[in-house]
Each structure stands twice: as C-alpha cells, then as structure tokens.
Amino acid sequence: YVLALAVAFAAWAWADSAQDLNNLEKTPGGLVIVLLIIFAWLISHPLVSLVFIVFIEQLIGGFNIDWNKDKDTENFRMSLNSVFAAVFMGCCTQFILDFVSGVVVNAMDVILFCYCVETKDSKQQERFNNLYGPIKEVFNKQDAPPPQPVAHEAQCQKSKQNIEGIRVYFESLDAKITARHTAVRRAELDLDNAQWALEDLKYKNESCHASELGLTLLLFSH
C-alpha cells in the first residue's frame with residue numbers, strides 16, 4: 001500500500017505540473033492526512049475504484065458540459081483529471097504489486113517444497129548449495145539433517161510407551177489405595193463389633209455381680 005500510495009501522489013503531482021496547477025502543494029497538512037486515508041481505502045479495492053472512475057467519467061461526459069467556458073470550470077476539470085490520474089495509477093500499481101507478491105510467495109512455496117522432497121530422498125543438487133545454506137539457517141538446522149519421518153515415529157512410540165507406563169502406574173496405585181481403603185473400613189467395622197461385644201460383656205458382668213449380691217443378702221436374711 002505504501003508504494004502504491006507513493007505512486008498515486010506522484011501521479012497527482014505530475015498531472016498538476018503538466019496542467020500548470022499546484023493544488024497538491026497548496027493542500028494543508030491535515031487535509032493531506034485525510035486524502036492519504038481515502039486513497040489508501042480506494043487503492044485497497046483497486047477493481048472497484050477503477051470501475052468507479054470509469055462510471056464517474058462516463059456520467060460527467062453525458063452532461064455535455066463546456067469545461068472551457070470560464071477559468072474556474074476549466075480548473076475544476078483539470079483538478080478532477082489529476083485526482084482520477086492519481087487513483088488510476090495507484091490502483092494499477094496495486095494490481096501489479098499484488099501479482100508480483102503472489103508470484104514471489106508461490107515461488108517460495110515451490111522452492112521449499114522441492115527442498116523438503118530432495119532432503120527427504122537425500123538427493124540434493126550441488127548447483128543449489130547456495131540455496132540450501134540459507135534455508136538451513138532459517139530452520140536452525142545447519143549442522144544436522146532435517147528430522148526424518150522414522151525419527152518422528154520412533155519418538156512418538158517412545159512417548160506412547162511412557163504414557164502407557166504412567167497409566168499402568170496410576171492404575172496400580174489406585175488398586176493399592178482401594179485395597180487399603182477396604183482394609184481400613186473392615187478394621188473399623190471389626191473395631192465397632194468388638195466395642196459392642198465389650199459393652200455386652202460388661203453389662204452381663206454387672207448383672208452377674210448384682211445377682212450374687214442379691215443371693216448373699218438373701219442367705220444372710222435367713
């Protein structure tokens with residue numbers, strides 16, 4: 001966008017100079033910022049902007065206006081020409097830059113794809129050694145070959161075994177905890193039964209002592 005904006009305003013300045021105008025030079029700084037924002041939006045939609053320019057030009061031409069009838073009308077038409085030229089050049093530049101950037105991105109994708117295929121098959125070409133070096137530096141693997149799928153599979157298997165070992169350990173730990181919990185619950189139940197038996201024995205002992213005391217008193221009374 002920055003380069004397209006620069007081309008647009010350069011085209012505006014060139015059109016003003018070719019028509020002996022200085023509208024852009026007299027524009028205040030605040031208005032220039034507003035124009036930058038407007039032009040940035042127009043250039044970001046180049047096809048719509050070009051269609052809009054053609055439509056406006058056709059619409060104005062249909063009114064059969066005499067642009068040379070006075071100086072103000074002529075200056076307005078020339079100023080309009082400068083603005084349209086700026087928008088046209090900015091949109092064309094944006095089209096070209098979008099196309100070039102797409103070509104560059106696709107070319108880089110193809111280069112990286114070919115590099116990965118050659119590295120995987122170990123069939124790197126000597127004439128591309130100057131290209132392999134920067135790519136390896138980008139991936140921080142200049143001294144070591146790229147990881148092979150087998151290495152990834154082995155690492156995955158090792159991780160799976162570690163996870164399986166952890167799962168088995170926790171299952172055994174859970175079984176031990178469950179067994180100990182069951183033993184504790186059984187011991188508590190046995191303790192409760194023993195306490196009840198002890199209470200019953202104490203009650204029977206007290207009853208026996210009472211019976212003996214009653215029998216003794218009965219013998220003494222006779």
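For clarity, every value in this text was computed on a predicted model and none was experimentally measured. FYI, side chains are in, hydrogens and waters are out, and symmetry mates aren't considered; it's all heavy atoms of this structure.
- A single hydrophobic cluster is not seen to contain both Val104 and Val2; linkage of ILVMFWY side chains at heavy-atom distances under 4.5 Å, directly or through other members, places them apart.
- Atom-to-atom distance recorded for Gln195:CD and Asp190:CG is 11.5 Å, nearest 0.5 angstrom.
- For the atom pair Glu57 CD and Leu80 CG, the distance stands at 7.0 Å (nearest 0.5 Å).
- The two residues Ser79 and Leu21 come nearest to each other via the heavy atoms N-CD1, 3.8 Å.
- Side-chain contact between Phe84 and Ile56: present, with at least one pair of heavy atoms (C-beta onward) separated by less than 4.5 Å.
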Please set out all donor-acceptor pairs under 3.5 angstrom arising from side-chain atoms of residues 93-103, sequence neighbours excluded.
| unit_1 | atom_1 | unit_2 | atom_2 | d |
| --- | --- | --- | --- | --- |
| Thr93 | OG1 | Met89 | O | 2.7 |
| Gln94 | NE2 | Asp98 | OD1 | 3.0 |
| Gln94 | NE2 | Asp98 | OD2 | 3.4 |
| Ser101 | OG | Leu97 | O | 3.0 |
| Ser101 | OG | Asp98 | O | 2.8 |

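- For the pair Gln19 and Met78, the tightest heavy-atom approach, listed with the atom from each and the gap, is NE2-O, 3.0 Å.
- Under the 4.5 Å side-chain heavy-atom criterion for Ile, Leu, Val, Met, Phe, Trp and Tyr, Ile53 and Phe55 are members of the same hydrophobic cluster.
- Side-chain heavy atoms closer than 4.5 Å link hydrophobic residues (I, L, V, M, F, W, Y) into clusters, and following such links, possibly through other members, connects Ile43 to Ile38.
- Screening Arg186, Arg180, Arg185 against Thr182 for a side chain to side chain contact (heavy atoms under 4.5 Å, CB included) leaves a single residue, Arg186.
- Across every non-hydrogen atom of Ala8 and Gly90, the tightest pair is CB-CA, 3.9 Å.
- Nearest approach of Ser49 to Val87, heavy atoms of both residues: CB-CG1, 4.2 Å.
- Remark: Leu31 CG to Leu36 CG distance equals 10.0 Å, nearest 0.5 Å.
- Listed for the Ser17 side chain is no donor-acceptor partner under 3.5 Å among the backbone atoms of Trp14.
- Connection of Val83 to Val7 is not established within any shared hydrophobic cluster, with ILVMFWY side chains joined at heavy-atom distances below 4.5 Å, either directly or through further cluster members.
- Residues Ile60 and Arg77 have side chains in contact (heavy-atom distance under 4.5 Å, counting atoms from C-beta outward).
- Side-chain polar atoms of Trp12 and Asp16 form a donor-acceptor pair below 3.5 angstrom.
- Aromatic ring orientation, Phe39 versus Phe9: tilted (interplanar angle from 30° to 60°).
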